[in-house]
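Residues take their numbers from the sequence shown, with the count starting at 1. Because the structure is a prediction, the values reported are computed rather than measured.
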Amino acid sequence: MKLDSNAHSVFLLHYHLVLVVKYLREVFDHIISDRAKEIFEYIAPDYNITLQEWNHEKDHIHILFKAHPKSE
């Protein structure tokens, strides 16, 4: 297991984010999921986020990512 580090700490932070649609409606298809993934990947470098895994079903999206802590 490789740990991440910055000037003052060593860490390994994984986050599992689940985006759910209200009333579990079937909204997410491949086109919408791919567009959301593009937006996530575009924003991620600004926040030191690395996308590990992206999966979707018709009513939710699972996102697994690594991030650096923000403690200033």
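In the hydrophobic cluster analysis, where Ile, Leu, Val, Met, Phe, Trp and Tyr join through side-chain heavy atoms closer than 4.5 angstrom, V27 is grouped together with I61. Tracing side-chain contacts under 4.5 Å through hydrophobic residues (I, L, V, M, F, W, Y), one reaches I32 starting from L17; they form part of the same cluster. No continuous path of ILVMFWY side-chain contacts below 4.5 Å connects F28 to V18, so the two sit in separate hydrophobic clusters.
Using bins of under 30°, 30° to 60° and over 60° for the plane-to-plane angle, the ring pair Y15/F65 lands in the parallel bin. Taking the six-membered ring where the residue is Trp, H56 and H30 present perpendicular rings, their angle passing 60° and hence far from 30°.
Taking OG from S33 and CD from E38, the interatomic distance works out to 10.0 Å, rounded to the nearest 0.5 Å. Here the straight-line distance linking atom CG of D29 with atom CG of D34 works out to 8.5 Å at 0.5 Å rounding. For the atom pair E53 CD and N55 CG, the distance stands at 4.5 Å (nearest 0.5 Å). How far OG1 of T50 is from NE2 of H14: 9.5 Å, rounded to the nearest 0.5 Å.
Of all the heavy atoms in L13 and H68, the pair that sits closest is CD1-C, 4.5 Å. Residues F11 and A67 share a closest heavy-atom pair of CE1-O, 3.9 Å. Listed here is the closest heavy atom pair of L12 and D4: CD1-OD2, 4.5 Å.
Counting heavy-atom neighbours within 6.0 Å of H16 NE2, excluding the residue itself, gives a total above 12. For I39, the CD1 atom is densely surrounded, since the number of other residues' heavy atoms within 6.0 Å is greater than 12.
With contacts defined as side-chain heavy-atom distances shorter than 4.5 Å, the pair W54/K37 qualifies.
Across L24, L19, V20, a single residue satisfies side chain to side chain contact (heavy atoms under 4.5 Å, CB included) together with H60, and that is V20.
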